[in-house]
Structure formats: C-alpha cells, structure tokens
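Read through the structure below, which is laid out as structure tokens, and then see the notes.
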Amino acid sequence: MIILDVNKLKKSFGFGLLLDDISFSLNEGEKVALIGENGSGKSTLLKMIAHLEKYDSGSISIKKNAVVEYLEQGDVADSRTGHVIGVLRSAFSNVIAMADKLHDYEMAMKEEKDDEKLEKLIIKYSNLQEKFASIGGYDMDMQINVVVNGLQIDRQLLDRDFNSLSGGERTLINLARILLRKPDLLLLDEPTNHLDISRIEWLEKFIRDYKGTVIIVSHDRYFLDKVVNKVIELNDKHIKIYFGNYTSFVEQKENEEVKEFQIYKVQQKKIEEMEKAIKRLKEWGKMADNPTFFRRAKAIQSNLDRLRETAIDRPKPKKELPINFVATSRGSQEVVRINNLDLTIGNKQLLNKAKCLILNQEKVAIIGENGTGKSTLIKNITDNSNPSIQLGRQQKIGYLSQIIEFTDNNAKLLDYFREETNEDEEHARSILFNFQFFKNDMIKRVGVLSGGEKLRLKLAILLQQKINLLILDEPTNHIDIETREILEDTLSKFQGTLIFVSHDRYFINKLANKIIEFHNKKLYTFNGNYDEYLLDRDNIHLKY
C-alpha cells in the first residue's frame, strides 16, 4: 500500500528553481536512499515531506493517520527541555497517556461503592489494559534500554538536562527518540554523522528489521548498501529512480552512461554525415544548376534540424583530479613503529602497552569507537615527541586534521595558496585549476569554502610539499559522495605511506590494505580491507 505520494512538486529559492516536477510514490516498508550533490535539494525535499517547509506547487500526500518523524542534519536548535530520559520517554506519549488513564480507573475502582458502576469500570479497565499491552505499554523501559544500549548512549547522560548536551549528543538522543517512536514514515538526514562503526552497524540492523518506510539522506555508501532497496537520485532539479542498493545504483548508472555515450556518438556521426550530404548536394546543385539537388539538401536540412533538437548533449565526464602524488623520497621500510605505548588524556587511559608497525607504502585505516584515542594517536605520530613512537628516516609528513582550518579565513583562495606554497601566480592558477578551482573561485575567501572545497585546497597545498607520509583524520566528513570518490581516486595514486582515521567503511574498503583497530586499550592489526577484516574480526580479538 502506498504511504507517500509526491506529485509534480516545485520549489524555488531566491536564486532560482531548486526542484522541478518531482514525482514519486513509496510503498509501506520500503527503504529508500535520496542521493545527490550537496545543494541539490535533498534536505529541502525531506523537510517538505515532513511539512516543515513550504513548496511552490504540486502536492504531497501521506497515508491517513500515518506518523511521520524527521531527524534533521547537524547540530540544530531544539526546544525540548527536561532530563534526557524524559525526552526518550516522550516517544511513548500515547503509552504514558494510556497508563495515566489506567491509573485513574484504578483509583476510581478503589473508591467506587456501587457494584453495578464498579463492574462497568472493571470492563473499561480490562479493555484499556488489553489495548495497553498490545501497543507494548509494559515494555517501554525495555525498548528504551534496547535503543540506549544499541546506540551506546552513556547512562550518565540520561539524568542530565537535554539542553546541556553537546550538539552531537543532542543529535544522538533525538535519533534514539525517533527510533523509539516507531513512525510509519521515517525521514533521516545524515543519521550516521557522529556515530562510530559499532553504532552504525547496530543502526543498520535496526533499519533492516524496521517495518516502516524509511527515506535516508546519507553520504555513507556502505550504510546505504546495507539498508536500502531503492535509490532516488536528485540531479539538476529532477529525480530518477533506481531499484536496488547503492552499489546496484552505481552499476546501473555506469551502464546508462555507457549507453548514453554510445547513443551520443551514433547521433554525432549521423549529424556529421547529414552535414556532409547537405554540403555535397549544394555543391552539385551549383555545378549542375539543378534545383533538385537544392530541394534534397533542404529536406535533409529539415531532418537535421529535428535531429539536433532531440539529440542528447555530450555526457559529462566523471570528475577527477588529474594529478599524481609523488613522494619526495622512499624513506625507510619501517615508517612508524609503536612499542609499549601508554596513552592517556587527563585521568582516562586510552592505550596500555600498545604495539603496531606500519611499513612503507602501506595504506592504513585506523578504526575504533568514538573516544578511544584515534585522533590522539595520530597527533602523537605527527608531533613525533613520544618515545614509544618511532618514525623511520626521511619521513616528510603531511597532515590533514578532522576540522580543516586556515590561518587567515579572510584571505582569498589564490593568495592563500601562494602564501602557503611560494608558487608564482601563473603556476598557482594552473595547480588550482587541476583541483577544480576556476576563475571565479580564486577570489573566494577561504573561510567560506564548502567542506569539499576546503579539502581540495588543503590537498593542493600538501601536494606541493612532496610528502611521503600522509596522515588524515576523518577526511570524508562534510563532503558529498562525488567528492569522496574524487578523494579516493586521488589517494589511490599516492606513492608514499597513507594513515587515516575513518568511520567510512566504503572509503576504507577502497583504500586500505591494513586495518589498525582500537579495542580494549590495545591496537589490533589486520592485513586487508574492511570487508576482509570483518570476516576475521572475532578471531583477531582472540589472538591478543
């Protein structure tokens, strides 16, 4: 049965049309990915479905009495007050109201002296009690515990005031509340932000088992592969629907692009032949002074005009950075050796007698739960000040932090790049062009760049330093799928050693040939990518 029907939806902003003639319908139980470039209107479409934003024309129809919940992306203002446990329990407002009614009946039955009236109260109480049990009224605390444990919410948070939480904590609690609500239509905007891998794996299973309909905006391709059975691509104001998970969508898209390019080549060849035929006929008409040739040329010209009107444009090539990282030198075979490392922050011990070895040209993913010390470890490696961490000879490090910052946010992009690299203007423009920065980009203030633009600029600067050890902390945060794919392609060409912290399992699979996992204050090493690591994860933990 259809739960959502979107028909001929249009939405404009001040800069022009954002969404045009958007139409699709979803059945109950479908799990759908909504994908597209940043700024294409994905979040706006979710908000319109949730009736949080107006649209210009068209219609959105939702099944009568269907419950809709929307998880907004990022740290947003929230009017909720009170303790966190109260926020979670608010998901059971109908259960709580029914429990209050049951309590009222209990009090009334205790005070009622009239047998006939008492019997009627008992019947009402029994009927309500049966309904209460059917909606899981007696399981409320158990359901809360399941979600709290699954999302690994610190129990100490439950007694804190909701508004005292950090942005990431509030988002996590809101996600838990929405999941407990069990809406008929669940709208999730980047639900895996702020979640480590173990939390994401739990959320994947929850959504797979979920009986409601789910629409997900996410840049986490591995997550989408695990949970969705339909993909709606939003591109250039319009949508196209694909059946299957994310990988299936990519395959279908690539096949479409191949076919489209073949059609384009056939059409262009036909246009070229018709142009040559028209030219020949006109020449023959002049030579023979015969109007028949001109009439035939005119007829072909009419057909050519019609063909040009319907011909497809040249397919856009896949974006990539036409560059190659060249390490300044090979350096020693042992790049990083960690031996008996004790790592603490304040009174919290992160690592105890930890060991690992990273060799030249390895691509190493560092994984683990939030707060276990991954970022702290790579900062210790880059600082090269801990005696338990030994760097090999001739290691020139390039480091990209989790939060990309610039020394002068007001500096113009071209000026900042030249200041950091000492390049002349002509060469600087050429390099930046390779990183997809064009004429109008050169005067942008670096502080207002998008996440993807900041990443490309930092990579452009690092490239000029001829590094042989590249260390990245959550490099795929705040960038869309297309930019992630560009980054993957670029890093795969790096000839030095790559160490990166990431929760993006798709990204890890593409690049890593070694996994180092934080677990129980130790470092566990596995040779292979993430999928290979998963197959042997339990055995790895038992070996140590």
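Note that this is a predicted model, so its numbers are computed, not measured.
Annotation: the span from Ile49 atom CD1 to Lys47 atom NZ amounts to 13.0 Å, rounded to 0.5 Å. To the nearest 0.5 angstrom, Glu474 atom CD is 9.0 Å from Ile378 atom CD1. For the atom pair CD of Glu72 and CG of Leu187, the computed distance is 11.5 Å after rounding to the nearest 0.5 Å. Taken to the nearest 0.5 Å, the CG atom of Leu195 stands 9.0 Å off from the NE2 atom of His503. Considering CG of Leu186 and CG of Leu71, their distance stands at 8.0 Å, rounded to 0.5 Å. In this structure, CD1 on Ile366 lies 10.0 Å from OG1 on Thr525, to the nearest 0.5 angstrom.
With hydrogens and angles left out, the side-chain atoms of Ser492 and Glu488 include no donor and acceptor closer than 3.5 Å. In the model, Arg505 has no side-chain atom that pairs as donor or acceptor with a side-chain atom of Asn529 under 3.5 Å. A side-chain donor from one of Ser198 and Asp196 sits under 3.5 Å from a side-chain acceptor of the other. A donor-acceptor pair shorter than 3.5 Å can be found between the side chains of Asn145 and Arg155. With no hydrogens or angles considered, no side-chain donor-acceptor pair links Ser248 and Asn245 at under 3.5 Å.
The two residues Phe494 and Lys363 have their closest heavy-atom pair at O-NZ, 3.2 Å. Residue Leu88 comes nearest to Ala176 through the heavy atom pair CD2-CB, 3.7 Å, listed as atom of the first residue, atom of the second, then distance. Residue Leu462 comes nearest to Gly398 through the heavy atom pair CD2-CA, 3.7 Å, listed as atom of the first residue, atom of the second, then distance. Of all non-hydrogen atoms in Ala50 and Tyr70, the two that sit nearest each other are CB-CB, 3.9 Å. For Met48 against Lys54, the heavy-atom pair with the smallest separation is SD-O, 3.7 Å. Pairing each heavy atom of Lys182 with each of Tyr210, the nearest pair is C-OH, 3.0 Å.
Side chain of Gln361 to backbone of Gln495: a donor-acceptor contact under 3.5 angstrom is found. With hydrogens and angles ignored, the 3.5 Å screen pairs a side-chain donor or acceptor of Asp184 with a backbone N or O of Val67. A side-chain donor-acceptor contact under 3.5 Å links Thr213 to the backbone of Asn27. Side-chain N or O atoms of Asn380 include one that pairs as donor or acceptor with a backbone N or O of Thr376 at under 3.5 Å. The backbone N or O of Phe435 lies less than 3.5 Å from a partner atom in the side chain of Arg456, making a donor-acceptor pair. At distances below 3.5 Å, at least one donor-acceptor pair connects side-chain atoms of Lys31 with backbone N or O atoms of Gly29. Between the side chain of Lys63 and the backbone N or O of Leu185, no donor-acceptor pair lies under 3.5 Å. Between the side chain of Asp441 and the main chain of Phe438, a donor-acceptor pair closer than 3.5 Å is present. Arg484 places a side-chain N or O within donor-acceptor distance of the main-chain N or O of His219, the cut-off being under 3.5 Å. Not a single donor-acceptor pair under 3.5 Å links the side chain of Lys444 to the backbone N or O of Leu449.
Counting heavy atoms from C-beta outward, Lys454 and Phe406 have side chains that approach closer than 4.5 Å. Counting only heavy atoms from C-beta outward, the side chains of Ile232 and Ile241 approach each other to under 4.5 Å. Residues Ile403 and Asn477 fail the side-chain proximity criterion, which asks for heavy atoms closer than 4.5 Å. Using a 4.5 Å heavy-atom cutoff, the side chains of Asn174 and Thr171 are not in contact. At a threshold of 4.5 Å between non-hydrogen side-chain atoms, the residues Lys240 and Asn235 do not count as touching. Considering only heavy atoms from C-beta on, Ile216 comes within 4.5 Å of Pro191 through its side chain. The shortest side-chain heavy-atom distance between Phe223 and Leu203 falls under the 4.5 Å cut-off. The side-chain heavy atoms of Leu9 and Leu45, taken from C-beta on, include a pair separated by under 4.5 Å.
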### Message
Checking Phe526 against Leu535 for the side-chain contact (heavy atoms from CB on, under 4.5 Å) test, could you report, in this order, the C-alpha distance in whole Å, the side-chain angles of both residues, the deciding distance, and whether it holds?
### Response
CA-CA 11 Å; Phe526 179 81; Leu535 293 173; over 6 Å; no
### Verdict with supporting geometry, Phe500 and Phe507, ring pair (Phe, Tyr, Trp, His ring centres under 6.0 Å)
CA-CA 10 Å; Phe500 61 97; Phe507 183 79; 5.3 Å; yes
### Task
I would like to know whether Leu523 and Phe518 meet side-chain contact (heavy atoms from CB on, under 4.5 Å); could you show each step before the answer?
CA-CA 5 Å; Leu523 296 175; Phe518 276 67; 3.6 Å; yes
#### Entry: Derivation and outcome, side-chain contact (heavy atoms from CB on, under 4.5 Å), residues Leu377 and Ile516
CA-CA 12 Å; Leu377 175 63; Ile516 294 177; 5.6 Å; no
### Task
Test side-chain contact (heavy atoms from CB on, under 4.5 Å) on Tyr524 and Ile515 and set out the steps.
CA-CA 8 Å; Tyr524 294 77; Ile515 306 285; over 6 Å; no
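Among the candidates Asp56, Asp20, Asp21, the single residue satisfying the salt bridge (Lys or Arg N to Asp or Glu O under 4.0 Å) test with Lys10 is Asp20.
Looking at Arg199 and Glu369, no side-chain N of the basic residue comes within less than 4.0 Å of a carboxylate O on the acidic one, giving no salt bridge. Salt-bridge formation is detected for the pair Arg221/Asp504: a Lys NZ or Arg NE/NH1/NH2 atom is positioned less than 4.0 Å from an Asp or Glu carboxylate oxygen. Ion pairing between a basic and an acidic side chain is recognised when a charged N comes within 4.0 Å of a carboxylate O; Arg89 and Asp141 show such pairing. We find that Lys510 and Glu485 are not joined by a salt bridge, their nearest charged nitrogen and carboxylate oxygen being 4.0 Å or further apart.
Within 6.0 Å of the CG atom in Asn255, the count of heavy atoms belonging to other residues, nucleotides or ligands exceeds 12. Counting heavy-atom neighbours within 6.0 Å of Asp209 CG, excluding the residue itself, gives a total above 12. Remark: Lys253 NZ is packed, more than 12 non-hydrogen atoms of other residues, nucleotides or ligands lying under 6.0 Å away.
The aromatic rings of Tyr530 and Tyr533 sit tilted, their planes meeting at an angle between 30° and 60°. Ring pair Phe249/Tyr246 is tilted by interplanar angle, where 30° to 60° counts as tilted.
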